[in-house]
Amino acid sequence: MRNAPQANEDRTLKNPFERYLTLWVGLCIAGGILLGKIAPELAQTLDGISIRVNGAPVVSIPIAVCLFFMMYPIMVKIDFAEVVRAGKSGKPVTLTLVLNWAIKPFTMYGIGLLFLGILFRGFIGTEAVDLVKMPFGLDLPAGAAHGAGTVVLQDGIKMLEVPLWRSYLAGCILLGIAPCTAMVLVWGYLARGNDGLTLVMVAINSLTMLLLYGVLGGFLLGVGRLPVPWQALFLSIAIYVALPLVAGYLSRRWLIKAKGRAWFEETFLHLLTPVTITALLTTLVLLFSFKGEVILANPLTILWIAVPLFLQTILIFVLGYGAARIFKLSYEDAAPAAMIGASNHFEVAIATATMLFGLSSGAALATVVGVLIEVPVMLMLVRVCTRTRHWFTP
């Protein structure tokens, strides 16, 4: 495992894509809304190019391509040989796993339900509804009830009409069960954390996600009386996590063998950095071209969704950082251990929300709000870490 960084090492976000991600997301919001006004049929046409089962769209091919290129550059960075050596850092790895998979999903559900379902419900609209995809393989007649939704016909396709706030809650749930495996490498780096440990936790979380993401997602969606498309959940994990994970692993081995580790790390990985964010921004433009009318009609929508996501981020960070201090971890291990839970794997959340509920769903919009607040909130937490470094014994 790589050594912890030196205290006097200068670390800043040098890549403009990462440094100004919030700005790019804001521009995509404006661009998507404008596109929805100028060419409302474009996003619908692209989303209509789908793999269909029994006449119903299951996987949007253009979105799947975009989301694969969001995920692949993340997965190819993972050195799974580090997982074998994770035993040397048992406490921070255990803390991360407990925080990410035993605590975070349930606090996100509770906070989301409190704010979206109770405190902000009147602002969102007590009678406001959202149309989401029918669960894969479910065939109910129009007018039938399913969970909190009702089956309706929309352009000849069966959809579920659910309360809008529940759709937003679904997106929050999908974010809450997706611990970060991408940008946390940046946050740990900026906080002068242990880069080797961060990579180990990224690898472990990626593998754990294959096992628990679908199970926890299905369970919490079911508790929230939302459609539980189990088959689509596991298909989503296969397409958006397992496929890029395997592709990243195989191509990493081949490229290092063919070109050498130095070329792989210094040239190839740098070429991939804009690929992830370009694919992400393209997806966001399409999503907001659908949701423009909703946002313009209620411009505070983003705020109502952002509040529970912000509070969840702060809560998980405080729990992780406080536990790390109680367990007497070094600062270099404590900072990334806390931030990997606080940060979200929004790429997987967006992919899953789009596949399960549709590109135009409130759930997909909620996952995008997670992207919008990710950078400023996590940069704030990086500053908290660097200013409280003295709390931890060397």
- prompt: Can you check side chain to side chain contact (heavy atoms under 4.5 Å, CB included) on V76 and F268, steps first, answer last?
  reply: CA-CA 10 Å; V76 80; F268 182 71; 4.3 Å; yes

field: Check against side chain to side chain contact (heavy atoms under 4.5 Å, CB included), V151 and L160
entry: CA-CA 5 Å; V151 181; L160 270 181; 3.9 Å; yes

field: Salt bridge flag under 4.0 Å for residues E332 and R389
entry: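 The answer is yes: the pair qualifies as a salt bridge.
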
Heavy-atom pair with the smallest gap, counting every atom of [X] and [Y]:
X: F317; Y: V384; value: CE2-CG1, 4.0 Å
X: A349; Y: L174; value: CB-O, 3.7 Å
X: P105; Y: L216; value: CG-CD1, 3.9 Å
X: G362; Y: Y168; value: O-CD2, 3.3 Å
X: T367; Y: L175; value: CA-CD1, 3.8 Å
X: C172; Y: I305; value: SG-CG2, 4.4 Å

Return yes if some donor-acceptor pair links the side-chain N/O of [X] with the main-chain N/O of [Y] below 3.5 Å, else return no.
X: T388; Y: C385; value: yes
X: D130; Y: S167; value: no
X: S343; Y: M339; value: no
X: Q312; Y: K104; value: yes
X: Y72; Y: L243; value: no
X: T126; Y: G122; value: no

Are [X] and [Y] in one and the same hydrophobic cluster, where Ile, Leu, Val, Met, Phe, Trp and Tyr link if side-chain heavy atoms are under 4.5 Å apart?
X: I326; Y: L95; result: yes
X: L153; Y: V132; result: no
X: L311; Y: L309; result: yes
X: L164; Y: V129; result: no
X: L34; Y: I302; result: no

Separation of [Y] [atom2] from [X] [atom1] (nearest 0.5 Å):
X: Y213; Y: I177; atom1: OH; atom2: CD1; value: 4.5 Å
X: K259; Y: F264; atom1: NZ; atom2: CZ; value: 13.5 Å
X: I316; Y: I111; atom1: CD1; atom2: CD1; value: 7.0 Å

- request: Determine, stepwise, if the pair F392 / D333 fulfils side chain to side chain contact (heavy atoms under 4.5 Å, CB included).
  value: CA-CA 10 Å; F392 298 84; D333 289 351; over 6 Å; no

- request: With side chain to side chain contact (heavy atoms under 4.5 Å, CB included) as the test, would you mind laying out the steps for T313 and M378 before giving the verdict?
  value: CA-CA 9 Å; T313 300; M378 293 309 299; 4.2 Å; yes

field: Aromatic ring pairing Y331/Y321, orientation class (parallel under 30°, perpendicular over 60°, tilted between)
entry: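 Aromatic pair Y331/Y321 classed perpendicular.
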
- prompt: Which word best sums up how the rings of F219 and F106 line up, parallel for under 30°, tilted for 30 to 60°, or perpendicular for over 60°?
  reply: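 The rings of F219 and F106 stand perpendicular, inter-plane angle above 60°.
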
task: Evaluate the side chain to side chain donor-acceptor pair (under 3.5 Å) criterion for residues R253 and Y249: first the C-alpha distance (whole Å), next the side-chain angles of each, then the deciding distance (0.1 Å), finally the verdict.
output: CA-CA 6 Å; R253 289 190 61 184; Y249 172 75; 3.2 Å; yes

message: Is it true that, when you exclude W263 itself, more than 12 heavy atoms of the residues, nucleotides or ligands shown sit nearer than 6.0 Å to its CH2?
response: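 Enclosed: over 12 neighbouring heavy atoms sit under 6.0 Å from CH2 of W263.
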
